[in-house]
Chemist: 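Would you mind keeping the following structure in view while I ask a few things?
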Amino acid sequence: MNAIVPFPQLDIPHTIAAGPGPGNTDARVLARFAGAGLADHMHPDVLRGMVECKKMLRDVMGTQNTYTYGVAGTGWSGLDVMFAGVMPGDKVVMFVNGTFSGIDGLTVRMKAATAEELEANSLDPQAASVTIINVPHGQSVTGEIVEAALAEHKPKWAAMAHWETGSGRINDIRGFSDACVKHGAMGLVDAVSSLGVEDFAIDDYPGVHGWASCPQKGICCLPLTYAPVSFTDQFIETLKATGTRTFVHHPILEARHWGIIDGQDVEKGTYHRTHSAYAVAAFHEALRITLQESIAQRAKDYAFHEAALRAAVTAMGCDVTSNMTSLIVLNLPPALAGREMELVQHCRAQNFGIWPTLSEPVQVRIGILNLLNQSTISDIATRFATAITDLGGQVDMDAVEGALNEHYLAAMAAQ
Ligand SMILES: *Cc1c(COP(=O)(O)O)cnc(C)c1O
């Protein structure tokens, strides 16, 4: 007799993931994921794939750091490995200008809190050794802000998000790195949103000793595969001296499965935890695609298509406040102010997956991760314009089409 299955097979419809992330997984990545055989995590081809991923990741990140590898999970998993360097009582200055750097700040306070501080408010500890510098939503963290704070506090660690996805703002990584070098702080950077979108090499920022990103934004892999991380030798030596209270997210131990043992590359990894052959195959293909297209070309493509979408929404009367090239954060035309959530829900109900901001003030976020072609950008603009008119707003569709055409025709003429 068959047992009764309480639910039918789960079907999830096709949507346009036009938000801050996850991005649209590349079809080649999905094919490698589904095409992986039943190889176990210690199979030679899986171990070889992990070593190849490690080498490709060094190229993608622009680094010679031996400790460069993927952490199983999402962006927060990689960030947890990076912040594992922060020990109770460590002096840290954290720059916060939106939702994600805000959560990084919470992570830092949890790691740096003493036992007493953690017990006093375990879900939101106030650690006396951590200084949070709040920069208003919609503004960037500047080099001057970092310089002033590090000069005053002289911390062991300084941390910020490279691109703050909550408000769509790019922070000054050059100024951050310079101030870290000048004041002897070890910089830690949340590069979840920038890796694979912006053209930069982490080795050009010597003040930054730890970097963490994610699989599903600029790298175009599946969520819950591998979050890229990279650490300098100084980070690793510092961590070795203090230790850290985790096995699975230990920056040194976690590296072993990727063939990094005692600071050296070895031919194949050793067991740390059960890795997924499917995830390794997907990550491997995502990195191959990234290198094939090249980081420089991708960065150009993002800037080009973001400008087109920006022109289109501006022609709709929206006010864009972001400066990231993968994401537009905007205020609706004055007549629709206050109806941002309603508009976003209306779009999402039609499988057009845009997002609101997750912290105040409420704004609309439209992303273009792995949506880099004229027809998709035009489709996004048309859907957004339709949603505005559905809510009773006025859109001059000719002006919107004109803005898009002008942008794309000018590019064609320039070729
Ligand atoms: C998306 C994001 C995160 C969180 O990544 P998950 O993959 O959801 O864990 C952290 N920081 C920044 C800057 C992000 O954009």
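For ligands, and for the atoms within them, numbers begin at 1 and follow the listed sequence. All values below were derived from every heavy atom in this structure, side-chain atoms included, with hydrogens, water molecules and symmetry-related copies excluded.
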Chemist: Side chains of S230 and I202: does their closest heavy-atom pair fall under 4.5 Å?
Modeler: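 Result yes, sub-4.5 Å side-chain heavy-atom pair found.
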
Chemist: When you measure from atom 3 (C) of ligand 1 to every protein heavy atom, which one gives the shortest distance, and what is it?
Modeler: F100 CD2, 3.4 Å

Chemist: Any donor-acceptor pair under 3.5 Å linking the side chain of D199 with the backbone of A299?
Modeler: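 No; zero donor-acceptor contacts below 3.5 Å.
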
Chemist: Where is the nearest protein heavy atom to atom 6 (P) of ligand 1: which residue, which atom, and how far?
Modeler: G75 N, 3.4 Å

Chemist: Does E164, backbone or side chain, put an N or O under 3.5 Å from an N or O of ligand 1?
Modeler: no

Chemist: Quick check on contacts: which atoms of ligand 1 are under 4.0 angstrom from a heavy atom of T74?
Modeler: 6 (P), 7 (O), 9 (O)

Chemist: Please could you name the atoms of ligand 1 that W163 approaches to less than 4.0 Å, counting only its heavy atoms?
Modeler: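 Checking each atom against W163, I get 13 (C).
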
Chemist: For atom 14 (C) of ligand 1, what's the nearest protein heavy atom and its distance?
Modeler: K217 NZ, 2.9 Å

Chemist: What's the verdict on side chain to side chain donor-acceptor pair (under 3.5 Å) for S101 and E164, showing C-alpha distance, side-chain angles and the deciding distance?
Modeler: CA-CA 7 Å; S101 47; E164 170 48 75; 2.6 Å; yes

Chemist: Looking only at protein heavy atoms, which one is nearest to atom 15 (O) of ligand 1, and what is the separation?
Modeler: T165 OG1, 2.4 Å

Chemist: Less than 4.0 angstrom from a charged side-chain N to a carboxylate O is my criterion; do D80 and K111 meet it?
Modeler: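 So D80 pairs with K111 through a salt bridge.
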
Chemist: Do K156's NZ or CZ and the ring of F235 fall within the cation-pi criteria of under 6.0 Å and 45°?
Modeler: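 Judged by the rule (NZ or CZ under 6.0 Å from the ring centre, within 45° of its axis), K156 is not positioned above F235.
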
Chemist: Out of I103, D190, D104, whose heavy atom sits nearest atom 13 (C) of ligand 1?
Modeler: D190

Chemist: Compare all side-chain heavy atoms of I260 with those of Y69 and state whether any distance is below 4.5 angstrom.
Modeler: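 Touching, per the 4.5 Å side-chain cut-off.
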
Chemist: Considering only heavy atoms of S193, which atoms of ligand 1 have at least one such atom less than 4.0 Å away?
Modeler: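 Those qualifying, in numeric order: 15 (O).
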
Chemist: Picking from R348, E342, Q350, what satisfies side chain to side chain donor-acceptor pair (under 3.5 Å) with H346?
Modeler: Q350

Chemist: With a 4.0 Å cut-off on heavy atoms, does Q216 reach ligand 1?
Modeler: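 Judged by the 4.0 Å heavy-atom criterion, Q216 does count as contacting ligand 1.
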
